[in-house]
Visitor: 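Here's a structure for you.
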Amino acid sequence: RDLHSFPTRRSSDLIGHTLHVTLVGKSPLIYMFEVRKGVDIQSKSSEGYFVVAYVKASQYNRVYETISKEPAPKNNRDRCQDWVGSCIIGLEAEELVPSGTSAWINGLIGLPTATLASRLGQRWIKPELPG
């Protein structure tokens, strides 16, 4: 799972910065934090996505710093979705997303894609990929 920031239109692509954790070890479960700048956020492997919240451009640095400070899971229990949940808690604590956002997101963690898409309704965005 990824946290994206401020996508902008470039041609027909949706370009933005991706802040995410990547699985580097299965036994034990170990993830590594990674930032990719200026990438197409509609990856070929994505089944879909949704917008958690919109933040003001003036808050971008605070959002970026808050997410970047959240350590990647290395406890052999938490997964990438758990990391996203922790990031949202941090953003809510910093008043960068609306109150209640973390409870809403934590209620979605672990759901299969079809259930997530159904629960989110029109908020769910299926990537428009060529092919």
Visitor: In a check of side chain to side chain contact (heavy atoms under 4.5 Å, CB included) between L91 and each of I105, T101, V97, which one passes?
Guide: V97
Visitor: Does the plane of the ring in W83 sit parallel, tilted or perpendicular to the ring in F33? Use 30° and 60° as the thresholds.
Guide: tilted
Visitor: Is there a donor-acceptor pair closer than 3.5 Å between any side-chain N or O of R62 and the backbone N or O of E94?
Guide: yes
Visitor: Give a yes or no answer on whether the side chain of Q81 reaches the backbone of G110 with a donor-acceptor pair at less than 3.5 Å.
Guide: yes
Visitor: Determine, step by step, whether W124 and L116 satisfy the side chain to side chain contact (heavy atoms under 4.5 Å, CB included) criterion, reporting the C-alpha distance in whole Å, the side-chain angles of both residues, the deciding distance to 0.1 Å, and the verdict.
Guide: CA-CA 8 Å; W124 182 254; L116 183 61; 3.5 Å; yes
Visitor: Counting only N and O atoms by type, is there a donor-acceptor contact under 3.5 Å from the side chain of N76 to the main-chain atoms of L29?
Guide: yes
Visitor: To the nearest 0.5 angstrom, please state how far the OH atom of Y49 sits from the CD1 atom of I125.
Guide: 4.5 Å
Visitor: Run the side chain to side chain contact (heavy atoms under 4.5 Å, CB included) test on I15 and D40 for me, step by step, so that the C-alpha distance in whole Å, both residues' side-chain angles and the decisive distance to 0.1 Å come before the verdict.
Guide: CA-CA 5 Å; I15 305 299; D40 184 351; 4.3 Å; yes
Visitor: On a heavy-atom basis, which atom in Q59 and which in E95 lie closest, and how many Å separate them?
Guide: NE2-O, 4.5 Å
Visitor: Out of V84, I88, L108, which residue meets the side chain to side chain contact (heavy atoms under 4.5 Å, CB included) rule with V52?
Guide: I88
Visitor: Under the 3.5 angstrom rule, does the side chain of E34 hit a backbone N or O of T22 as a donor-acceptor pair?
Guide: no
Visitor: Check whether any side-chain N or O of R123 sits under 3.5 Å from a backbone N or O of V51 as a donor-acceptor pair, and report yes or no.
Guide: yes
Visitor: Could you measure the distance from the NZ atom of K37 to the CG atom of L19? Nearest 0.5 Å is fine.
Guide: 8.5 Å
Visitor: Answer whether the closest heavy-atom distance between the side chains of E47 and K126 falls below 4.5 Å.
Guide: no
Visitor: Does a side chain donor of either S102 or E92 reach within less than 3.5 Å of an acceptor in the other side chain?
Guide: yes
Visitor: Membership question, hydrophobic clusters at under 4.5 Å side-chain separation (ILVMFWY): are V24 and V35 in the same one?
Guide: no
Visitor: Within the side chain of H17, is there an N or O that forms a donor-acceptor pair under 3.5 Å with the backbone of G38?
Guide: yes
Visitor: Mind checking the CD1-OG spacing from I109 to S86? Nearest 0.5 Å is all I need.
Guide: 7.5 Å
Visitor: Donor-acceptor check, side chain of S68 to backbone of Y64, threshold 3.5 angstrom: yes or no?
Guide: yes
Visitor: Determine whether a donor-acceptor pair (N or O, by modelled atom type, separation under 3.5 Å) exists between the side chain of N106 and the backbone of A103.
Guide: no
Visitor: Over all heavy atoms of both residues, which pair between R79 and P73 is shortest? Give the atoms and the distance, please.
Guide: O-CG, 3.6 Å
Visitor: Hydrophobic cluster membership, with links at side-chain heavy-atom distances under 4.5 Å among I/L/V/M/F/W/Y: are M32 and I67 in one?
Guide: no
Visitor: To the nearest 0.5 Å, what is the distance between CG on D82 and CZ on R77?
Guide: 8.0 Å
